[in-house]
Amino acid sequence: MYEVTLGDGGPGSSSEILIRGQNSISGGNSPIVIADGVPIENINDINPNDIASMEILKDAAAQAIYGARASNGVVLITTKRGKEGKMSVSYNGSSGIQTINRNFDIYSGEEFAQLKREASRNSNLGVFLPDDQIFSDLELSSINSGNYIDWEKEIIGVGSTQNHNLSIASGTDKMSVYTSLNYFNQTGVIKNSDYNRVTARLNVDQKLNDWLKIGLNTSFQYANSNRPNVGNIILSSITTSPLGKVYNDDGSLRIEPSGFEENKNPLINLKETNTDDSNSNNIINIFMDVTPFKGFKYRLNASRRAWNQKALSYNSTNSITGISSGGLANGSVSYNDIVELQLENIFTYTTDFNTDSKHNLNLTGVHSISQKESNRFYNFANNIPNDILGINGLEAAETNTPTTTGYIRGLLSFVARVQYDYNSKYYLTVSGRSDGSTVFGANNKWSFFPAAALGWNIHKESFMEKVDAVNNLKLRFSYGSVGNEGIDPYGSIATAGLREYIIDGIKVSGYVGDNEISNPDLKWETSTTFNAAIDFGLWSNRVTSTVEYYNTRTKDLLFPIRLNAATGYSSQLVNLGEVENQGVEVSFNTAVLRDTDFKLDIGLIFSKNNNKILSLSGIDSDGDGVEDDDVANQLFIGSPTKVAHRYKPIGIFQEGEDIISSAQPNAKPGDVKLLDKNNDGIINADDRVITDLTPDWFGTLNLGAEYKGIDFSANITTVQGITKDNSFLYGYLEGGSLRGIKNGIKQDYWTPENPGGSFPRPNESDDPTQLISKGLQDASYVRLQNVSVGYSIPQKTLTSLSLNKLRFYVTGSNLLTITDFQSYSPEKSPNEYPEAVSVVVGLQVGF
């Protein structure tokens, strides 16, 4: 099971991948991404057009060879290479538009005015005040004229994308070359946001003689993004009052459109703030293959990955912060450089013992060393007097606050693996690796991780010879451990922090111990997995399937614990507890039709993961014989790592109800009614309910069809049984508090005239009691993820045009989502940059 979500829907955003649930609480859960043997930051570092194949490694035996960062899975990418033969040139270009759809309504002008009246009424003993005592003159003008503000229309528009890729591949019996150039441009659906990226790749293989081969894999990427540098633009489009005026009479933007301080004009920050973010990501990988005699091969693999970022953020004198500062601007400059080096010595030996080739043995040994160095400079400039030079005028700021940070982390590994098979029927793999990391305590730098796997190709057995319908049947079992070093450098040692003092009237700087105490015994977080699978293929692989069961237990969890203030420290990073992830994965593919002109394929994927905390600190402070939960961090033994712990709403109190005799005797009609879980007549901490925030299961349906030159594909995904917290249903800043101050997601609220309302009665003076209990929503969804239709020119016509390929296509992404979660996307909160609905038209040409 692996879950792919968009980290940020904005231009140039990257994807987040979670494989088989959350193994760690604070040690990180992202898989390692390997491209041509080189670890990279994330999958977006690779041009998709350069990918020849991609594989997800999930069980411990398969992950073991990739080491310490493989505990959360491995995404294995192989890029394209040149081949012997005629040179080929390919172009793939597309252009399209993007929009967004929201799965919620906000209060219209009339509805917001009524919400405000009702909130005022409840704050004034049930009496409706005249409108001129509730609304400002600007609001009254909107109400009387019917001219309301549509902030979404003002902020959100239609985005666009362009993607152009050119690649050339060629080769001889001695040398092969693959090179590509990609340009991607995206204009965001949020106005004044855009992204540009250029990626170039060069892969070279050179055979010097029969025993020596060298190669080069390089990737160079430069990207630049611009967007407003405040994170509340989308939030403002939802929560800013629709009553009032956007512009002053002179055409300038009105600071307070409704006349109230709580509602600032979001268009000001959209226009007057900016973050210009530029980064380069360069990878150079050099390898040498030496084969001095049959069966033996040595590879020297050396790589360097460099990531450099420059971010310039600026809030002008006319921005909201600039105005509040008396017409003074502010901004920041950030430079970040990361260099990662890796050197590998890989030895392999393969033999069939000169027999009838029934016995096959493969031995692999790896020595690997890597180092990652980071340096960052950040400077915040406050009170810049004018906008003449923008952020380049920061030296004129009243105050400049520089910060520098840096670290070096290293990893040293030794790996041995033995692979044996008999007659392609019985398989055995045994591996062991020893890893040492600089981030752990002085007493536990190293750890050893063994793994083993067995395979039985049942189809090769004699008793299967007459079973014509089955052409593949294989059983696989594996058991093994991998480690996680996903903590910050220096996490095991005490650090010092800068402090400033006044001595004899002079300011001096010094260092004192920080809040975290050292832990010389801090060690590896270890995940041990049992995996069992069956693969089968029927009727010449017209039907193929894999059914897989796994159980992963992660122990020695890396976790910061709170310390008694009397120690002088507030926390310590320690190893404690154990987490279990177990589940089942099923993939099913069938070639439904194989006609001369028509083909139809259907694929199904189902995955279910159960995540559970088995233990935490091992402390039983109350002596009841049961290990204590960590209530403060919402970690409960027997529950998943992601839960909500709060009261459960069971309705709304009604007029005439015997409230005095209830568990909430101080409640009023229109208040939220809570579950008295233990029926003791009192609502207290014991009545809070644990709600699982992890999904029950994932599913995917893939369709593919071809008819003569027409091809069609579609992808439908679903996530079921997931609950998410939606702060827009209760938060004041998110407009969910029903006070009539900020707009928000429209809800059916209770009033004496509407006793069936599912949300509490509005109140201008204060948030309704226990409104937060209404914040959990079902976030299950079904999504039409991708649909593509293409037409390829017939081969006869291509030959006359001296072409190998000519295809036109239309692709739609994120076209339709069915969900009850009130947001732009069930995967994101409403204020996060939303995933766009995109439609592109493209052309593929091969020469």
Side-chain angles (χ1 to χ4, degrees), residues 11-12 15 35 43-54 77-98 159-171 176-187 195-203 219-221 591 597-601 603 702-715 784-815 836-847:
S15 299
I43 198 169
N44 284 44
D45 292 346
I46 297 293
N47 172 14
N49 295 278
D50 290 338
I51 297 177
S53 65
M54 184 167 65
I77 295 174
T78 302
T79 61
K80 296 177 181 178
R81 316 199 72 78
K83 297 180 180 180
E84 183 178 350
K86 187 178 180 181
M87 177 187 294
S88 64
V89 180
S90 299
Y91 167 79
N92 185 0
S94 64
S95 179
I97 60 172
Q98 295 185 321
S160 64
T161 63
Q162 287 192 62
N163 196 350
H164 303 279
N165 190 84
L166 179 66
S167 63
I168 302 173
S170 64
S176 65
V177 177
Y178 172 85
T179 183
S180 70
L181 181 65
N182 177 260
Y183 170 72
F184 177 77
N185 167 265
Q186 182 179 3
T187 300
Y195 177 80
N196 290 275
R197 183 185 67 219
V198 177
T199 305
R201 171 169 290 275
L202 175 64
N203 292 346
S219 175
F220 303 94
Q221 184 180 97
D597 293 326
F598 187 70
K599 298 178 181 179
L600 176 63
D601 297 297
N702 297 306
L703 300 174
E706 295 180 18
Y707 178 71
K708 295 186 177 180
I710 301 173
D711 61 88
F712 168 84
S713 63
N715 174 273
L784 180 57
Q785 189 72 55
N786 291 291
V787 175
S788 183
V789 179
Y791 176 70
S792 298
I793 302 299
Q795 186 61 47
K796 182 178 180 180
T797 305
L798 292 177
T799 302
S800 65
L801 297 173
S802 299
L803 297 176
N804 295 324
K805 183 176 185 178
L806 181 58
R807 176 176 177 264
F808 305 90
Y809 64 91
V810 179
T811 299
S813 302
N814 194 27
L815 295 175
V837 177
S838 65
V839 178
V840 301
V841 178
L843 169 68
Q844 293 176 316
V845 183
F847 300 90

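Everything numeric in this text was worked out from a predicted model, so none of it was measured. Values reported hereafter were calculated over all heavy atoms of this structure, with side chains retained and with hydrogens, waters and symmetry mates removed. When a residue number appears, it is its place in the shown sequence, counting from 1.
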- Item | Nearest-0.5 Å distance that lies between atom NZ in K599 and atom CG in D711 | 11.5 Å
- Between the side chain of T179 and the main-chain N/O of R201, is any donor-acceptor distance below 3.5 Å? yes
- Message: Listing request: all salt bridge (charged side-chain N to carboxylate O under 4.0 Å, His left out) pairs with a residue in residues 790-801, at least two apart in sequence or in separate chains.
- Response: none
- Student check: side-chain heavy atoms of F712 and Y707 closer than 4.5 Å: no
- Heavy atoms only: give me the nearest A169-G82 pair and the separation to one decimal. CB-CA, 4.2 Å
- Task: Please identify each residue that fulfils side-chain hydrogen bond (donor to acceptor under 3.5 Å, both in side chains) with Q221, with sequence neighbours left out.
- Result: T199
- Message: Using side-chain contact (heavy atoms from CB on, under 4.5 Å), reason through F220 and V198 one step at a time and then give a plain yes or no.
- Response: CA-CA 8 Å; F220 303 94; V198 177; over 6 Å; no
- Which residues satisfy the side chain to side chain contact (heavy atoms under 4.5 Å, CB included) test with L784, sequence neighbours excluded? I716, V787, L815, L816
- Item | Reported CZ-to-OG distance for the pair F808 and S792, which is rounded to 0.5 angstrom | 9.5 Å
- Message: Rounded to the nearest 0.5 Å, what separates atom CZ in F598 from atom NZ in K708?
- Response: 12.5 Å
- Name all pairs fulfilling the side-chain hydrogen bond (donor to acceptor under 3.5 Å, both in side chains) condition that reach into residues 81-97, sequence neighbours left out, sorted by first residue then second. N49-N92, R81-D205, R81-N217, Y91-H164, N92-Y809
- Task: Find the distance between CG (D597) and CD (E706) and round it off to the nearest 0.5 Å.
- Result: 11.0 Å
- Note on the structure: Heavy-atom nearest pair, A836 first then N814, reads O-ND2, 3.3 Å
- Query: Who pairs with N786 by side chain to side chain contact (heavy atoms under 4.5 Å, CB included), at least two apart in sequence or on another chain?
  - Reply: N715, S813
- Check: K80 and N203 side chains under 4.5 Å, non-hydrogen atoms: no
- Taking only residues two or more places apart in sequence, or in another chain, which ones meet L798 in a side chain to side chain contact (heavy atoms under 4.5 Å, CB included)? I793, Q795, L803, L806
- Results of side-chain hydrogen bond (donor to acceptor under 3.5 Å, both in side chains) for Y791 - residues two or more places apart only: none
- Is there a side-chain contact between F184 and N165 (heavy atoms, below 4.5 Å)? no
- Residues passing the side-chain hydrogen bond (donor to acceptor under 3.5 Å, both in side chains) test with S713, sequence neighbours excluded, are none
- At their closest point, which heavy atom of D601 faces which heavy atom of A591, and how far apart are they? OD1-CA, 3.3 Å
- Message: Once side chain to side chain contact (heavy atoms under 4.5 Å, CB included) is applied, do any residues pair with V841, and if so which ones, sequence neighbours excluded?
- Response: V810
- Query: How many angstroms lie between CD1 in I168 and CZ in F847, if you round to the nearest 0.5 Å?
  - Reply: 10.5 Å
- Evaluate side-chain hydrogen bond (donor to acceptor under 3.5 Å, both in side chains) for T811 paired with S788, printing each intermediate quantity in order. CA-CA 4 Å; T811 299; S788 183; 3.1 Å; yes
- Message: Can you list everything that forms a side-chain hydrogen bond (donor to acceptor under 3.5 Å, both in side chains) with S838? Sequence neighbours excluded, please.
- Response: none
